[in-house]
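Keep in mind that what you see is a predicted model, and the values were worked out from it rather than measured.
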Amino acid sequence: MRPLKRWLSFTDQLELLQARGLHVDDRAAALDYLERLGYYRLSGYWYPLRRIDVAASRVQGKAVRLDAFEPGSRFEDVVRLYVFDKKLRLLALDALERIEMAVRVDVAHLLGERDPRAHENADCLHGNFTKKPISKGPDKGKTPHQVWLEKYRSLLHRARKEPFVAHHMQHYGALPIWVAIEVWDFGLLSKLFAGMKYDDQQSIARMYAAPDGKAFAQWLRSLNFIRNVAAHHSRLWNINVLELSPLPKGWPAGLNNARPFFYFCLMRRLLQVICPNSSWGQRLVRLLRTEFPAAFSLTEFGVFPGWEDWPLWLNCGHK
């Protein structure tokens with residue numbers, strides 16, 4: 001094990017960056033950003049500007065970065081990328097809130113007609129979710145529904161002082177599903193949808209023009225991944241997406257489902273159903289076209305040549 005790197009003052013951090021070739025136009029402003037955002041957080045944004053060690057990359061079969069920066073690299077471009085990414089995260093959260101709320105209501109409306117406590121009733125859900133034990137891991141021996149209920153009850157306990165929760169628990173001892181959805185997070189929603197019966201999944205998937213219920217369940221898992229990245233203020237613009245959804249039939253082959261742009265396309269498609277008059281698509285296109293710093297490449301976000309002419313984005317005022 002190597003020893004941890006030594007502590008550096010903010011001034012020393014800036015001098016180290018300059019010694020490695022990062023140009024700084026405004027020293028006071030750069031110090032201010034280091035003090036407010038932190039060296040390590042910003043390092044993810046200047047990483048693409050670091051020079052590539054060609055020899056080492058050839059040996060390892062992947063890009064190996066040096067500490068030194070490419071000629072012409074500027075601290076101000078790093079800050080612009082950070083600000084761009086922040087606005088991108090806010091756009092993602094805006095879309096995902098609308099999607100989460102709409103799907104919550106659809107799930108609650110469909111299952112609630114069958115039983116007000118359908119989320120707790122195994123008979124209202126798929127047998128694999130309620131009866132098949134998990135075979136490995138910390139939840140081995142439990143069913144996915146049991147694990148889901150533990151998380152639900154934990155969130156319910158956390159919200160116990162909320163007036164609507166206190167009222168229902170005092171008078172009814174439980175929350176009907178159309179009230180319980182207000183306690184769920186996106187992860188709980190996606191897991192319950194995955195545990196619904198086949199016909200119920202299909203019914204909701206059709207509402208969103210998804211290929212089928214299985215695909216829609218994966219869309220929700222992937223979008224929950226994006227939501228967690230954005231909500232925890234992590235770098236989003238070029239992140240490797242770990243919860244992959246397959247490309248819908250007829251979508252451009254140039255789309256990369258391991259890059260964030262693909263999931264912004266999914267958001268766009270879902271918002272066309274949920275709120276077709278939303279300006280969200282126009283705001284995303286405007287952000288990509290006017291605020292992404294030229295020192296970096298949007299291909300790392302996942303855009304492909306001609307994406308602006310794809311019908312999904314054609315009416316977003318890009319021309």
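In this structure the side chain of Leu312 reaches within 4.5 angstrom of the side chain of Gln272, judged on heavy atoms.
Taking the centre and axis of the six-membered ring of Tyr33, the NZ or CZ atom of Arg36 falls inside the cone set by 45° and 6.0 Å.
No more than 12 heavy atoms of other residues, nucleotides or ligands lie within 6.0 Å of CZ in Arg158, so this atom counts as exposed by the packing criterion. Atom CZ of Arg74 is surrounded by more than 12 heavy atoms from other residues, nucleotides or ligands within 6.0 Å. More than 12 heavy atoms of other residues, nucleotides or ligands lie within 6.0 Å of CZ in Phe164, so this atom counts as buried by the packing criterion. Counting non-hydrogen atoms of other residues, nucleotides and ligands closer than 6.0 Å to CD of Glu113 gives a total of 12 or fewer. Heavy-atom neighbours of Lys214 NZ from other residues, nucleotides or ligands within 6.0 Å: at or below the threshold of 12. Few gaps surround NE2 on His167; more than 12 heavy atoms of other groups in view lie less than 6.0 Å from it.
In this structure, the ring of Tyr263 has its center no less than 6.0 angstrom from the ring center of Phe225. Checked against the 6.0 Å centroid criterion, the rings of Phe262 and Trp251 qualify as a close aromatic pair. Between Tyr198 and His126, the gap from one ring centroid to the other reaches at least 6.0 Å.
Between Tyr152 and Trp148, the ring planes are parallel. Angles under 30° get that label, and only those over 60° would be called perpendicular. In this structure, Phe193 and Phe216 have perpendicular ring planes: the angle between them is above 60°, well past the 30° mark. Classification of the Phe69-Trp46 ring pair by plane angle, with boundaries at 30° and 60°, yields perpendicular.
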### Query
Can Met207 and Asp106 be said to form a side chain to side chain contact (heavy atoms under 4.5 Å, CB included), step by step?
CA-CA 9 Å; Met207 297 168 62; Asp106 294 331; 3.3 Å; yes

### Message
Using the rule given for ring-ring contact (aromatic ring centres under 6.0 Å, His included), can you reason through Phe261 versus Trp307, listing the C-alpha separation, both sets of side-chain angles and the distance that settles it, and then say yes or no?
### Response
CA-CA 10 Å; Phe261 180 63; Trp307 69 270; 5.3 Å; yes

### Task
Verify side chain to side chain contact (heavy atoms under 4.5 Å, CB included) between Asp53 and Arg65, making sure each step is shown before the conclusion.
CA-CA 6 Å; Asp53 186 329; Arg65 300 278 177 173; over 6 Å; no

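Linking ILVMFWY side-chain heavy atoms closer than 4.5 Å, directly or via other members, places Val183 and Leu149 in a single hydrophobic cluster.
For Arg98 and Ser278, the side-chain atoms include at least one donor-acceptor pair closer than 3.5 Å. Inspection of the Asn121 and His119 side chains reveals no N or O donor paired with an N or O acceptor under 3.5 Å.
Proximity of a side-chain donor or acceptor of Asn257 to a complementary backbone N or O of Ser245 within less than 3.5 Å is detected.
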